[in-house]
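Bear in mind that the values here come from a model prediction, so they are computed numbers and not experimental data. Chain identifiers are assigned alphabetically (A, B, ...) following the order of the sequence lines, protein sequences preceding nucleic acid strands; residue numbering begins at 1 within each chain.
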Amino acid sequence: MSRLELIGINKRFGDQIAVSDFSLTVEDGELVSFLGPSGCGKTTTLRMTAGFESPDSGAVIVDGVDVTDLPPNKRGMGMVFQGYALFPNMTAAENVEFGLAVRKRPAAERQTRVAELLDLFGLARVAESYPHQMSGGQQQRVALARAVAIQPGVLLLDEPLSAVDAKVREELRTEIRRMQVQLHITTILVTHDQSEALSISDRVVVMSRGAIEEVGTPTQIYAEPRSAFTAGFIGAMNEIPVRIVSGAGGVVERGGRRVTAPGAAGLVDGDLAMLLIRPELLEPLGSTGGSLNGDLTVTGRVEVQTFLGATTRLLLAELPANPDDRSVLPAARRLAVDVPSATAGRWPAGSELAVRIPVAASRVIADGTAIQPGGHA
Amino acid sequence: MSGTSIAGEATEETLPAMIVAAEKAGKARRRVNRGPRVPVWAIVVLTLSAVYFLLPLYATAVYGFSNGKHFTLQPLWDGLGDPGFQTSLRLSLFYSVLTTLLALAVVAPTAYMVELRFQRLRSTIEFLSILPFVIPPIILVVGLSSMYGIKSPVNLLASSWAPVLLMGGYFILTLPFTFRAIDNALRAVDVRTLTEASSSLGAGTIRTFMKVIVPSISLGLVSAALLAFTTAMGEFTLAALLGYPTFPVYLLNVNGWQPHMGEALVLVSFLITWAGVIALAAVARRTPGTQVVRGGPM
């Protein structure tokens, strides 16, 4: 219902830079996720948007109006907190009604609106229950209903699903998206859970150390990460060392093979670089070998098999490089290879496996921007 | 029961225990034959404690309901009919109620603001709140008399503002109990997040405090009220030395010239205190949402 602009926001806590030069526009009705590891500044940015913290510099603009200096209760933003923060002395219905009562809406209107919302969130049965009588999922729904009851211009969700269990979390995130689209509320979702961010957002803001790493649609962020941090943080990602042969031509070399790889253009000749590829894109060559068609291969020994359902992940330790390989590149770290579970029996732990790296689907980034822990395979 | 503890003055330890005991009494009755076997030593300790506490009460009753030779309720009727009793009890009730209200009105918002915005001041405030334990009432009253007495440029003692001295003194004496009770209750709920939630819904600080915080800490407020009330009701030193014929002062005087009546009235004051404790405990039990919840999976 509103367009939100965050312009050049900076915030320090003592010597610590919490948020640095954060600028973002969230369009009317858009759902944008702030995704990043803990301490990356995502919650601080959200709290500055809500007015619970004030930025050292920068501005928060809603529909063209500067609200940077307004207290939280004058901003008309709805917020859902990590621990729900339901009022323990009020029933579900009273919690939802609170914001309307503050706004001095007529009793009849309040009742209608509360009933509508309880219905929308499937809470009619627990309308008269107190928070301690409800399940985690129900409490979370009440928190959402309470936040949207005031028809906020902007809805802020601070890790809203972190306290509920995995199954409820999946249901609720779909429900949040459904509600957000239905009510057309401009929404910011703060999360450290990439699947949550990727599954329900229009755009994802990946943050690290107080700054924006990258902004893009979930598909862009997953398939074409522009930074090593994003690549490592979102999903599992393999890093395979390669040498830049020709920065001008985008040519890299590994194991004596030269191939043209996306992202290599413009890098410095002779430098070490990292080729990034998702586990599900690596293809086992088996014993027959096969045509390489301008792709690379890596051979390794299967260390562990992890059953993931439809697929099984093989953890591959690269075997020592070919003695006649003159490029002397460091071995790849453990490679993750996802294969259909039905075929995984062919490569038991201890067996040897060669995989093809479809270079066209990979991305080369300069080395030295090493991938942060937590993300890589 | 005589001397300065005549109105059943409570200590920090005994009062919450009294509330809990009153609350549990009902539940316990419904759970006969279900609990685990009570060990022998517990029965021994319980019996000894009961004898220690009940024997003086029994002695007071025996002495109070007697004319020196045989049992009679005459001293009780004499006491209840005595104008001095009624006046002093009214005076005590008046100042105790005012002190209780003052304590709640000052301590609750202060503790809330400390918890919310001035965490750094917590240790200072905690230290100030326990000062009355270190400074006995006699020192307090001497200090008040010299500061605001006849020789002082700010002579409150001889003015119509004199009751302020008594109330102020009572207030200070109740601080250790009231601050602790309210602060504990505040720390058990997530004050900051509740305040932020309320604020995001449009409420200002006062509304948040009255509608969200106060109901969430009602049990703590009831405890604080109870502690403040009984402390003020039983306070002797300040009242006697500032010249207020409150109920404890009256009881001490009566004990001098009509000891049987005095003891009968001690029992009355004891019953009044207990009635108060039970009534407040009942109120607390009926208040919705007094169970503390922070959210999270259940």
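Here the closest non-hydrogen pair linking M179(A) and L144(A) is CE-CD2, 3.9 Å. A59(A) and I9(A) make their closest contact through O-CD1, 3.8 Å (heavy atoms, listed as atom of the first residue, atom of the second, distance). Across all their heavy atoms, I176(A) and P160(A) have their closest contact at CD1-CG, 4.3 Å. Of all non-hydrogen atoms in A85(A) and L194(B), the two that sit nearest each other are O-CD2, 3.7 Å. In plain terms, the two heavy atoms of I150(A) and S200(B) that are nearest each other are CD1-O, 3.7 Å. Heavy atoms only, all atoms of each residue included: P176(B) and I172(B) are closest at CD-O, 3.7 Å.
For chain A, no part of T208(B) is nearby; none of its heavy atoms comes within less than 4.5 Å. Proximity to chain B involves both the backbone and the side chain of F87(A), based on heavy atoms less than 4.5 angstrom apart. When heavy atoms are compared at a cutoff of 4.5 Å, M79(A) approaches chain B by way of both its backbone and its side chain.
A 6.0 Å sphere centred on NZ of K11(A) holds more than 12 heavy atoms belonging to other residues, nucleotides or ligands. Residue R192(B) places its CZ atom among 12 or fewer non-hydrogen atoms of other residues, nucleotides or ligands, all under 6.0 Å distant. A 6.0 Å sphere centred on CD of Q16(A) holds no more than 12 heavy atoms belonging to other residues, nucleotides or ligands. The neighbour count for I43(B) CD1, taken as heavy atoms of other residues, nucleotides or ligands under 6.0 Å away, is above 12.
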Inset, instruction - Determine, stepwise, if the pair T230(B) / F177(B) fulfils side-chain contact (heavy atoms from CB on, under 4.5 Å). - result: CA-CA 11 Å; T230(B) 50; F177(B) 310 117; over 6 Å; no

Inset, instruction - With side-chain contact (heavy atoms from CB on, under 4.5 Å) as the test, would you mind laying out the steps for V96(A) and V142(A) before giving the verdict? - result: CA-CA 7 Å; V96(A) 176; V142(A) 175; 4.3 Å; yes

Inset, instruction - Show your working on side-chain contact (heavy atoms from CB on, under 4.5 Å) between L24(A) and L4(A) and close with a plain yes or no. - result: CA-CA 8 Å; L24(A) 177 78; L4(A) 171 71; over 6 Å; no

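Using the six-membered ring where Trp is involved, F52(A) and F81(A) have ring planes that are tilted, between 30° and 60° apart. Ring pair H132(A)/Y130(A) is parallel by interplanar angle, where below 30° counts as parallel and above 60° as perpendicular.
The shortest side-chain heavy-atom distance between V65(A) and V62(A) does not fall under the 4.5 Å cut-off.
In this structure, a donor-acceptor pair under 3.5 Å is present between the side chains of R177(A) and Q180(A).
Of all residues spanning residues 110-122 of chain A, none has a heavy atom less than 4.5 Å away from chain B's heavy atoms. Interface residues of residues 108-124 of chain B toward chain A, defined by a heavy-atom distance below 4.5 Å: none. Inspection of non-hydrogen atoms places P72(A), N73(A) of residues 68-76 of chain A under 4.5 Å from chain B. For residues 39-49 of chain A, a heavy-atom distance under 4.5 Å to chain B picks out R47(A), given by residue number.
Ring to ring, Y95(B) and Y170(B) are not that close: their centroids are 6.0 angstrom or more apart.
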